[in-house]
Amino acid sequence: MKQLAIALALMATTPLAAQDAPKPSAPEVSAGSIVWWPDFAPAKAVGVEDIWVWLPPSYATSPDRRYPVLYMHDAENIFDRRLSNFDKEWGIDEAITRMSEQGDLREWIVVGLRSPKNRYQVLFPQKLYDFLPEDYRLRVDEIQFAGIEPGYPLRGDDYVQLLADDLKPKVDAIFRTLAGAQDTAVMGSSMGGLMSLYAIAERPDVFGQAAGLSTHLPLAAPEGDDVEGRVRAVTEAFRAYFSASALNPERNHIYIDHGTATLDAFYPPYAKAFDAMMAEQGWGGASYQSRAFFGAEHEENAWAQRVDIPLAFLDRSDP
């Protein structure tokens, strides 16, 4: 049962009980509107079948207003539970609407990408792999869970290119956006949290902010002996990779968090070491925030309950 839970978290595969349930083709939202792009060729090239752009409530009535943009992964789970893999959703449209009405957040456009096929390899931070020791690279290469194709090539670089060079220019050309990095953010959970860290590290000129909820810092299956050694291997890989990147705590802001139950129960030692590494590299104060939510599980309801926190962090110009 524990292995099944880990596999579902890494793959976002549909539970057996939900496979026969009819699903809508696009989400319904409680406020604002959805623009659906089902045939964006660069997205399909990396296995992303659908892109949904959520326009906040005032977009239709404020023609002179421009909006910050948040890019999110696994979008079948963020707007409408009928589309979701687990009959749960983040409620991101409700959260942004509620916070903006309270004066705690600007309204954001949200660009959601459906989970790609071969999600584990496509959302894996590809260049980070080269900084891992050989035995840890084997953990990534030989991961064995239902739905994960062993040996499928890592395609994180292609996914970042989709975000930064294909999708963002299209979004900025069609919608009234604030296109600068200070108004552009990326957020996801689990493998999507890893990809958010990777996107900002690869393109800190494009994404000024990144948030990873329940970020899968173990990179591969978290079970096994020598936890201390695995934590050290992952942390040193991130240290070397970030040092080689153009990330800058004076320009970029990063948020991560984790719970302590289900898959998140494996994360605390990784997060503690990651926090120390980030502090050593000059991240802190406004540039870096790391939180733990005791008892929180690795699932959408838990992320919905705390999503206000990363949203507020990502918005540098909140009211």
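Within 6.0 Å of CD in Glu228 there are 12 or fewer heavy atoms belonging to other residues, nucleotides or ligands. A 6.0 Å sphere centred on CD of Glu250 holds no more than 12 heavy atoms belonging to other residues, nucleotides or ligands. Crowding of Asp226 atom CG: a count of heavy atoms from other residues, nucleotides or ligands under 6.0 Å exceeding 12.
Between His258 and Tyr270, the gap from one ring centroid to the other reaches at least 6.0 Å. Checked against the 6.0 Å centroid threshold, Tyr67 and Phe175 do not count as a close aromatic pair. Ring centroid separation for the pair Tyr241 and Tyr198 comes in under the 6.0 Å cut-off.
At least one donor-acceptor pair closer than 3.5 Å links the side chain of Asp264 to the backbone N or O of Gly259. No donor-acceptor pair under 3.5 Å is formed between the side chain of Asn252 and the backbone N or O of Gln209.
With Ile256 as the fixed residue, the side chain to side chain contact (heavy atoms under 4.5 Å, CB included) test singles out one of Leu194, Asp275, Leu213: Asp275.
A single hydrophobic cluster is seen to contain both Val35 and Leu113, as judged by linkage of ILVMFWY side chains at heavy-atom distances under 4.5 Å, directly or through other members. Both Phe79 and Trp36 are members of a single hydrophobic cluster when ILVMFWY side chains are connected at heavy-atom separations under 4.5 Å.
Taken from CG in Leu105 to OG1 in Thr97, the straight-line distance is 9.5 Å, to the nearest 0.5 Å. A distance of 6.5 Å separates CG in Asp172 from OG1 in Thr184, rounded to the nearest 0.5 Å. Atom OH of Tyr267 sits about 7.5 Å away from atom CG of Leu217, to the nearest 0.5 Å.
In this structure, Phe124 and Tyr129 have perpendicular ring planes: the angle between them is above 60°, well past the 30° mark. A perpendicular orientation is assigned to the rings of Phe207 and Tyr71, their planes being inclined by more than 60° (bins at 30° and 60°). Phe274 and Phe238 have perpendicular rings, their planes meeting at more than 60° on a 0 to 90° scale where under 30° would count as parallel.
Under the 6.0 Å distance and 45° angle rule, Lys88 does not count as a cation-pi partner of Trp303. Geometrically, Arg230 does not engage Tyr136 in a cation-pi contact defined by less than 6.0 Å to the ring centre and at most 45° from the axis.
Residue pairs satisfying the salt bridge (Lys or Arg N to Asp or Glu O under 4.0 Å) criterion with at least one member in residues 58-69, sequence neighbours excluded, are listed as follows: Arg65-Glu107.
Ion pairing between a basic and an acidic side chain is recognised when a charged N comes within 4.0 Å of a carboxylate O; Glu236 and Arg239 show such pairing.
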